[in-house]
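Here is the structure we will look at, set down as C-alpha cells.
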Amino acid sequence: MDDKFLKPYDPASTETRIYEMWEESGFFNPDNLPEELTAQNGKPFTIVMPPPNANGNLHVGHALGMTMEDIMTRVKRMQGYRALWLPGADHAGFETQVVYEKKLEKEGRSRFGMDPQELYKEILAFTLENKANMENQVRSLGASCDWTREKFTLDPDVVAEVQRTFVRMFEDGLIYRGKRTVNWCSKHQTSLSDVETESVEETTPFYTFKYGPFDIGTVRPETKFGDKYVVMHPDDARYAEYKHGDTFDLEWINGPITATVIKDESVDPAFGTGVMTITPWHSQVDFEIAKRHNLDIEQIIDWRGKLLPIAGEFEGVKIIEARPKIVEKLAAKGLLVSTDAAYKNIVKRCYKCSTIIEPQVKDQWFVKMAPLAQSALESVNAGETRFIPEHEEKVFRYWMENALDWNISRQIVWGIPIPAWFKGEEVMASLESPGEGWEMDTDTFDTWFSSGQWPLIMSGYPDGKDYAQYYSTDVMETGRDLVFKWIPRMVIFGLYLGKKSPFHTVYLHGMVNDAQGKKMSKSKGNVINPLDLTAKYGTDALRISLVIGNTPGTDLAMREDKVKGYKNFANKIWNITRFILENTQDADLEAARTSDDQSMRDELDTVIADITKDMDEYRIYMAAEKIYHYVWDRLASEILEDSKKVFAAEDEEAKASRKALLRSLLRDALTILHPFMPFVTEEIWQSLPETRGMLMVSPWPQVSAAATDTTHAP
RNA sequence: GCGCGGUUAGCUCAGUUGGUAGAGCGCGUCAUUGACGUUGACGAUGUCGGGGGUUCGAAUCCCUCACCGCGCACCA
C-alpha cells in the first residue's frame, strides 16, 4: 500500500498533478479515446461550454455550470461515447468595455477622446490576460474539455463567420437599417437592447398642465418643448367637438405655439384626462403614433442628456436639473393644474450603470424577429428542443411570442465590426468595400449576435471537419437567467444557418446565492469566490456540494459548512481505500464468492443501475446523493464494519471472498463517483494494484438486466 | 398589470408515475487508542402555508385564498 494513505487526503498536492496527467493524455479530445472504450458505443456526445467572459475571475455560478457540464461529459465518456466538451471565451463586448472603462476612470482617464484603435488595443491586451487567467481557473475546476478546439469570439475565423451571417441575413431580408427608437445610455454613449436595460418602479411626480383647452399629464416636463400634437381617442365623447387635424393656438413654455389635434386609438380614455401630448423622438409609443399619422419628429435632448436649442433659455441644461425649473416656469405662467407627488411609474435604466435610459431615434441595424421566432417555436413544438426543468419552456415561448425586432448596433469599439457600408443615403452589407466613396459602419455587434451563433461556430460551421459529426450538439447547460437572453438567439441562428435546433436538451441551473439565499453582489459584500473554497476544501468537495440537493432551475444557497462536509467525504473515501488495501494485500481477486458477498455485490449493481438511469434523465442531484449514501452509510458504515468481523473469524473461504468483494466494490464505487469527484477518485485509482490506465477513460460499470430493473421494489 | 417559481424539521433543501414524511448542517445522549475524531451508534423536533375537491389513500392531482421570491411591461 502506498504510504500516502497513512495521511489524510491532500487536494493541494494532488489536483494539479492529476489534471496535467489528464490533459497530457489527450483524452479530452474524443478523437484520441482508446478504441476499447469507444468500441461499445462510439456515438458523439457534444456540449458547448457557455464561453465565460474574458474580463475577470470565475464566480461560483461558473463553478456550478462547469461542474454540471463536466459531470455529463465524464459519464458519457466512460459510457463509450466520443464525448466532446467545447471550451471557449467571450470578448463580451459591452460588458468588457464597461469593466475597462471603470479601470480607466480609476486611472483618471476616459474612453472619450481616446483614439478608438488605441482603446481597442488596450482592451484586447486586458482581455487576453484575463482570458489566460480564466482558462486556468476552468482547469482548476477539473473541466475535461477539449482545449485543442478552444475558440475565442474574436478569433479571425469567428469574426469572419459572424460577419458573413450578417451579410446573408441582410440579403435574405432578415436584417434592415431602421431609424427607430432605441434605448440610449448617455453615460456609455451607446444604444442597448431591451435585455440590457432594467425597469425599476419609482415614485415620480405626475404633473397636469393646461395645454390650450386641454389638461395634459406628464412625468417628463423637460421633453415638452417640442410637443405640438395633442392626442385623444377617436371615440372619446368628451372631445367629440375636436376633429382630427384641427389646429389651435396656445401659450406654452417659451411662448405661443400652434398645436394640432390627432385622434389615435392607442390613447386610453380612462387614464388621466384621456388627452396627451406627444414627444416622438423620446418615446417609443409617441414615435409609433407619429409614424401612423406622418407627424414631425424632433429631437429635444442631445446624446449627453442635455437640452437642445429648441428649449430656448434651457438650452444646454441637463434634463434632471431642467425638470423642476420648467415646472416652476409653467406654474408661474398659471399653466400648472396639479401635481401628484406619489405617482409610481416604470423607469428604464442601464443594467450596468443605472443611468436612466433616454429613448432616442437613431439609425441602427435591426434583426426582423417574427419569422425567426416563428421557426423557433415550431422547432420546440416539434419536440426538437427539450427544457429541463420543463416549465422553463414557457418562459422561452413567452419570449418568442413577444419578440420585438432586435437592435444589434452598438456604439462601442470593443466588438466585432458590422460589415455595412454607407454612401450618402445608400446602404450595403458586404465583407469588402463596395467601391469608392463608401464608408464602413463604425458600430460593432451586440455580443449576443456572435454568441447566438456559438454552437454552430464551435462545432465547425459551415464546413469544418467536425461539423457533420458534432452538430447539432446534445446539451446546452447554462444559467436559468439565460433562458430568454441567450437560448432563443442560439435556437434562431441554429435553425436559420444549421437547419437544426442547436441542441436537443437545454439544462438550466439555478442561481447560486449566499447562505441566506440572497443574491450575491459586490455591493452587499456577500460574494463567494469559488477558488477560495477549492483552496480550502479541495475541488472535489466544492463540486459535489454544488451538485447534491441542487435541482435544475432552483436557486442554491451556498453554505461553506456544506463544502466542508464534503471535504470530509473525500477523506472518507481515502480512508475506505486505506482500510481495504491494508486488509486485502494478499487478496485473490478471482476468489469464489459467498452468498452473503454475492448479495452485497448485487446490491451495488442495483445502485449503479439506478444512478445510471438518473444520469440518463438528468437527475444529477439525485445520482450524486445516492452514491454519497451508498459509499458512506452502506459501504463504510456497514460493509466495512461487517468485514472486520469476517477478518477476525476463522472462515478462510469467507475471508477470501470478502477480500475480493471489497476490492470489487471499491473499484466500482470509485468509477461511479469519478464524474462528481474526479480528482480523489483518479488519485486512488492510480494506486490500486489491479487497475491499468486512467479512471477517466475506464468503462462505466455494466450491470445485469436484473439489477437494471429497479421498478420492482422487493 | 402580465408571467414564472416557491411555501415540507431550528437553518438550507430533497421527496422521479399519489401508497402511513427524508438528507445535510445544527441540537441531545452515549461510545471509541478503532480505516477515518475530518469518527461511530442512538435520539428529539414536522396539523408538508390556509381552505375546499377528486380518490380506498394526497406533500404529490384539481380549484381557491394568502404570503415570499424572480422575471417582463411603450399607461402619457
Side-chain angles (χ1 to χ4, degrees), chain A residues 1 5-9 181 194-195 197-199 201 206-208 216-220 223-224 227 231 266-268 270-279 283-289 343-346 348 359 389 391-399 401-402 404 480-481 483-485 510-511 513-519 537 541 545 548-551 553-583 610 613-614 617-619 621-623 625-626 628-629 632-633 636-638 640-641 643-644 710-711:
Chain A
M1 188 186 73
F5 290 109
L6 299 175
K7 288 179 286 186
Y9 173 59
T181 309
D194 293 321
V195 295
T197 67
E198 49 190 28
S199 305
E201 189 178 72
F206 183 83
Y207 303 101
T208 305
I216 56 119
T218 186
V219 290
R220 302 203 61 196
T223 65
K224 295 285 141 191
D227 287 15
V231 191
S266 68
V267 178
D268 176 5
F271 183 85
T273 57
V275 182
M276 66 179 188
T277 63
I278 57 168
T279 314
S283 156
Q284 168 95 33
V285 183
D286 295 3
F287 181 80
E288 297 299 327
I289 293 172
Y343 184 76
K344 284 193 165 58
N345 78 330
I346 303 299
K348 266 196 184 186
H391 67 78
E392 293 291 351
E393 186 184 312
K394 292 183 203 162
V395 181
F396 175 88
R397 282 178 183 281
Y398 178 85
W399 275 83
E401 284 159 7
N402 296 284
L404 301 172
R480 197 195 60 197
D481 54 329
V483 67
F484 60 85
K485 290 180 177 152
M511 304 293 99
N513 295 324
D514 73 5
Q516 282 73 44
K518 300 283 177 226
K519 202 169 179 174
Y537 305 110
S545 71
I548 288 186
N550 184 9
T551 47
T554 303
D555 291 354
L556 176 73
M558 185 72 222
R559 294 187 343 280
E560 193 167 327
D561 60 0
K562 187 175 175 188
V563 187
K564 194 178 166 189
Y566 291 111
K567 176 188 162 59
N568 297 350
F569 180 54
N571 196 53
K572 189 78 183 175
I573 301 158
W574 195 251
N575 282 308
I576 288 168
T577 306
R578 174 178 169 182
F579 175 87
I580 292 178
L581 290 182
E582 274 176 351
N583 287 283
D610 198 19
K613 196 171 165 221
D614 284 335
E617 293 167 14
Y618 298 95
R619 288 190 298 268
Y621 61 102
M622 198 164 277
E625 189 167 348
K626 284 173 183 167
Y628 171 85
H629 274 287
W632 198 313
D633 298 334
S637 297
E638 294 173 357
L640 258 47
E641 289 304 319
S643 300
K644 290 176 190 170
T710 54
T711 50

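In the text below, chain A, chain B and the rest are named by the order of the sequence lines, each starting its count at 1.
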Exercise. Do Ile548(A) and Lys626(A) touch side chain to side chain, with heavy atoms closer than 4.5 Å?
Worked result: no
Exercise. In whole angstroms, how far is the P atom of U38(B) from the CZ atom of Phe579(A)?
Worked result: 20 Å
Problem set entry | Integer angstrom distance from the P of G1(B) to that of C62(B) | 25 Å
For this session: By nearest nucleotide on RNA chain B, pick out whichever of Ser637(A) and Tyr628(A) is the more 5' one.
Result: Tyr628(A)
For this session: Could you summarise the pairing of RNA chain B as dot-bracket text, marking Watson-Crick and G-U pairs under 3.5 Å with ( ) or [ ] inside the strand and | across strands?
Result: (((((((..((((.....[..)))).(((((.......))))).....(((((..]....))))))))))))....
For this session: Spell out, as yes or no, whether a donor-acceptor pair under 3.5 Å connects the side chain of Ser545(A) to the backbone of Tyr566(A).
Result: no
Exercise. Can you tell me how far P in A21(B) sits from the matching atom in A59(B), rounded to whole Å?
Worked result: 8 Å
Exercise. If we take the C1' atom in both G28(B) and G71(B), what is their distance in whole Å?
Worked result: 44 Å
Exercise. Could you give the CD-to-C1' distance, from Glu641(A) to C36(B), as a whole number of Å?
Worked result: 11 Å
Exercise. Quick one: Lys626(A) NZ to G22(B) P, roughly how many Å, whole number?
Worked result: 16 Å
Exercise. Do Val219(A) and Tyr343(A) pass the side-chain contact (heavy atoms from CB on, under 4.5 Å) test, and can you show the C-alpha distance, the side-chain angles, and the key distance before you say yes or no?
Worked result: CA-CA 9 Å; Val219(A) 290; Tyr343(A) 184 76; 3.7 Å; yes
Problem set entry | Pairwise C1' distance for U60(B) and U55(B), with rounding to whole Å | 13 Å
Exercise. How far does the P atom of U64(B) sit from the matching atom of G5(B), given to the nearest Å?
Worked result: 15 Å
Problem set entry | Nucleotide-resolved protein contact map, nucleotides 67-76 of chain B, B/S/- at heavy-atom distance under 4.0 Å | ----SSBBBB
Problem set entry | Sidechain-backbone polar pair: Thr577(A) side chain, Ile573(A) backbone, donor-acceptor under 3.5 Å | yes
Exercise. Among Arg397(A), His391(A), Glu392(A), which one satisfies side-chain contact (heavy atoms from CB on, under 4.5 Å) with Val395(A)?
Worked result: Glu392(A)
For this session: Please work out if Tyr621(A) contacts a base, only the sugar-phosphate, or nothing of the nucleic acid, heavy-atom cut-off 4.0 Å.
Result: sugar-phosphate
Exercise. When the aromatic ring centroids of Phe396(A) and Phe484(A) are compared, is their separation below 6.0 Å?
Worked result: no
Exercise. Expressed in whole Å, how much space separates the P atoms belonging to U8(B) and U47(B)?
Worked result: 11 Å
Exercise. Met622(A) near the nucleic acid: base, sugar-phosphate alone, or nothing, with a heavy-atom cut-off under 4.0 Å?
Worked result: base
Exercise. Just by modelled atom types, is the Asp286(A) backbone N or O under 3.5 Å from a matching donor or acceptor in the Ser283(A) side chain?
Worked result: yes
Exercise. U45(B) and G6(B): how far apart are their P atoms, nearest whole angstrom?
Worked result: 29 Å
Exercise. For the pair made of CG in Asn568(A) and C1' in A35(B), what is the distance, rounded to whole Å?
Worked result: 15 Å
Exercise. Could you give the CG-to-C1' distance, from Asp633(A) to G22(B), as a whole number of Å?
Worked result: 13 Å
Problem set entry | Gap between atoms NZ and P, on Lys567(A) and G37(B) respectively (whole Å) | 13 Å
Exercise. So, Asn575(A) side chain and Arg578(A) main chain: donor-acceptor pair closer than 3.5 Å or not?
Worked result: no
Exercise. What nucleic acid atoms does Asn571(A) come within less than 4.0 Å of, heavy atoms only: base, sugar-phosphate, or nothing?
Worked result: base
For this session: Give Thr181(A) one of three labels, base, sugar-phosphate or nothing, depending on what nucleic acid heavy atoms sit under 4.0 Å from its own.
Result: nothing
Problem set entry | Closest listed nucleotide, where the reference is the side chain of Glu625(A) and the choices are A23(B), C13(B), U38(B) | A23(B)
Exercise. Which part of the nucleic acid, if any, lies within contact of Gly565(A), taking any heavy atom under 4.0 Å across all strands shown: a base, the sugar-phosphate backbone alone, or nothing?
Worked result: nothing
Problem set entry | Met622(A) side, atom CE; Asp614(A) side, atom CG - distance, nearest 0.5 Å | 6.5 Å
For this session: Would you kindly give the NZ-to-C1' distance between Lys644(A) and U33(B), to the nearest whole Å?
Result: 13 Å
Problem set entry | Whole-Å distance separating the CZ atom of Arg559(A) from the P atom of C25(B) | 10 Å
Problem set entry | Touch class at under 4.0 angstrom, heavy-atom based, for Thr551(A) against every strand present | sugar-phosphate
Exercise. Counting N and O atoms only, with roles assigned by atom type, does the side chain of Trp574(A) sit under 3.5 Å from a partner on the main chain of Phe569(A), one being a donor and the other an acceptor?
Worked result: no
Exercise. Base, sugar-phosphate alone, or nothing: which one does Thr577(A) contact when heavy atoms must sit under 4.0 Å apart?
Worked result: nothing
Problem set entry | Inter-nucleotide C1' distance (G19(B), C2(B)), Å rounded | 39 Å
Exercise. Quick one: the side chain of Lys572(A) and the base of C36(B), do they pair up donor-acceptor inside 3.5 Å?
Worked result: yes
Exercise. Is a side-chain donor or acceptor of Asn571(A) paired with a backbone partner of Pro8(A) at a separation under 3.5 angstrom?
Worked result: no
